[in-house]
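Single-structure report; data block below.
Any value given below was found using the heavy atoms of this structure, including those in side chains, with hydrogens, waters and symmetry copies removed.
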Amino acid sequence: MVLPARALDRRILSLAVPALGALVAEPLFVIIDSAMVGHLGATSLAGLSLASTVLTTVVGLFVFLAYATTATTSRLFGAGDRGGGLRAGVDGLWLATLLGAAAALLLWSTAPWVTGALGADGEVARASVAYLRASAPGLPGMLLVFAATGTLRGLLDTRTPFVVATAGAVLNVGLNATFLYVVGMGVAGSGLGTAITQTLMAVALVLPVVLTARTQGVSLAPRCTGLGASLGAGAPLLVRTLTLRVAVLATVWAATALGEVPLAAHQVVTSLWTFTAFCLDALAIAAQALIGTALGQADAAAGGGRVEDGAEPLPAGSGQPAPVPSREPSLPIDAVLRRSLAWGVGTGAVTGVLLAALSPWLPRVFTSDPQVVAAVAPVLLVTASALPVAGAVFLFDGVLMGAGDGVYLAKAGVVTLVPYLPLALAVHSRWPAGGAAGLVWLWAAFAWVFMGARLVTTGLRARSDAWRH
């Protein structure tokens, strides 16, 4: 049975709304950190700006653990191979554990060098290093959250990550308040609270994946071939993520050159941009899971493996039971793309209007410094104007990831840096303006030039048929 249009809208929202709760957890942690640390002073907030950028860069490099696992699991699930999808998820968990341990050790040992490379010194540098080293032990948990969430999304379960993320956000507030204000650890207390929260979230998300895998008879032991397959599937997305992080690092590098106040204002704007971007990305997550499932259904139908509801699976030639296709109604690929795009652009427009309307007051949530408040407000108007573009960009990203089109995304990511990096370099040189005005120019380049280049590259690909195979 083909899913009707209204039912498709409901299906998109039933996945997107819970996914929103899970997606906003990470930027919500940054917002909580920024709001709490910001009241310690501009120096602490500037140190957090550098440290959180580095931390999110390190963590963001491994976001392929979520995206690649979602694509693989949803496609196998759509084709009826639930056990195979869970096996891919278990492989992703092992890979996340190994990569997280290595990343934690590397971040802790290189924190002073990385902070210095970004141009910080004195008290700002010390605050940045303190936050990074306190956060480092939480990296394995952060990566496990990615892998477990990707598996659950592939099985069309976005509610479990939502519940865990909500509980994690509440816990993070309590821990940060305790370490910052009661224990008196300063900015390091914020990093430690986030690390503990992420570790507990990982335990809560890994457990249902492990229990489901056991009920399906899937081995929990690590496999070299499985780890290699997971890494191979994620490698193109790693390249794509690297290009995104290069753009983010270039932006904070340029903001650092503008001075302490613009850098502190940049942290506030980054926190709000990331939060709204992840809100829009919830629709992309829904599209990714549904596109993967739809392509899996098409694979099963093309291979003659699709069975109707209630039918018994036929034995395959190997003597093993053939996969039992998902009982999800047939998902028309074009319809999923069109409806998801409409939701993405529309939500971006509404979010942009709200952000613009609240721009005079939102900065005061993060800081009481009047100079920082004055620098943030005009930049928020620039970012608000580009949110409909961001909604389309994230949606196209989700569709292409759900189709496993990582190689194209990697190439497109490199292309999008070409028009943006020269502009970031110009702002770093204080052209056409320095100080708070330079920050406005910087965000105009990021929100419109960089995001516009992403819209063109992903939009043209989504209009073609190449990603459907």
Side-chain angles (χ1 to χ4, degrees), residues 6 9-10 12-28 30-32 34-35 38 162 169 244 247-248 251 255 262 265-287 337-367 372-399 420 436-437 439-456 458-459 462:
R6 289 187 179 180
D9 282 343
R10 289 194 297 270
I12 291 170
L13 293 178
S14 71
L15 292 171
V17 172
L20 173 62
L23 280 171
V24 300
E26 196 65 41
L28 188 58
V30 176
I31 286 179
I32 292 169
S34 299
F162 166 69
L244 298 180
V248 171
T251 306
H266 173 74
Q267 171 61 17
V268 175
V269 177
T270 298
S271 299
L272 291 168
W273 170 269
T274 304
F275 182 81
T276 54
F278 272 74
C279 291
L280 296 173
D281 208 25
L283 291 162
I285 292 299
L337 177 58
R338 285 194 302 270
R339 296 308 303 157
S340 298
L341 180 60
W343 279 105
V345 174
T347 304
V350 172
T351 306
V353 170
L354 289 174
L355 183 62
L358 295 174
S359 60
W361 299 280
L362 280 176
R364 301 182 187 279
V365 176
F366 299 89
T367 180
V372 176
V373 171
V376 169
V379 181
L380 289 182
L381 294 177
V382 173
T383 58
S385 68
L387 284 176
V389 172
V393 168
F394 300 147
L395 187 280
F396 289 141
D397 262 358
V399 168
Y420 176 64
L439 189 66
V440 175
W441 282 103
L442 178 63
W443 271 93
F446 181 86
W448 278 104
V449 177
F450 178 66
M451 294 301 293
R454 291 182 63 190
L455 176 65
V456 171
T458 56

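Taking every heavy atom of both residues into account, Leu439 and Ala375 meet most closely at CD2-O, 4.5 Å. Residues Leu395 and Ser340 share a closest heavy-atom pair of CD2-CB, 3.3 Å. For the residue pair Ala282 and Ala16, the shortest heavy atom distance occurs at CB-O, 3.3 Å. Smallest separation of non-hydrogen atoms from Leu280 and Gly391: CD1-N, 3.7 Å.
The CH2 atom of Trp343 lies 6.0 Å from the CG atom of Asp9; values are rounded to the nearest 0.5 Å. A distance of 11.5 Å separates CG in Leu283 from CZ in Arg339, rounded to the nearest 0.5 Å.
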Is there a side-chain contact (heavy atoms from CB on, under 4.5 Å) between Leu15 and Ile285? Walk through the geometry before answering. CA-CA 8 Å; Leu15 292 171; Ile285 292 299; over 6 Å; no

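Considering only residues two or more places apart in sequence or on other chains, Thr251 meets the side chain to side chain donor-acceptor pair (under 3.5 Å) condition with Tyr420. Every residue two or more places apart in sequence or in another chain that forms a side chain to side chain contact (heavy atoms under 4.5 Å, CB included) with Arg338 is listed here: Asp334, Ala335. Take Trp273 and apply the side chain to side chain donor-acceptor pair (under 3.5 Å) test, not counting sequence neighbours, and it matches no residue.
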Just distance, no hydrogens or angles: give the donor-acceptor pairs under 3.5 Å from side chains in residues 350-362, sequence neighbours left out.
from	atom 1	to	atom 2	distance (Å)
Thr351	OG1	Thr347	O	2.7
Ser359	OG	Ala356	O	2.8

Please report, to 0.1 Å, the donor-acceptor pairs under 3.5 Å made by any side chain of residues 443-454, with sequence neighbours excluded.
from	atom 1	to	atom 2	distance (Å)
Trp443	NE1	His266	ND1	3.1
Trp448	NE1	Ser385	OG	3.0
Arg454	NH2	Asp397	OD2	2.5

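Taking the side chain as every heavy atom from C-beta outward, Leu272 and Thr276 never approach each other to under 4.5 Å.
Thr274 places no side-chain N or O within 3.5 Å of a backbone atom of Ser271 that could act as its donor or acceptor partner.
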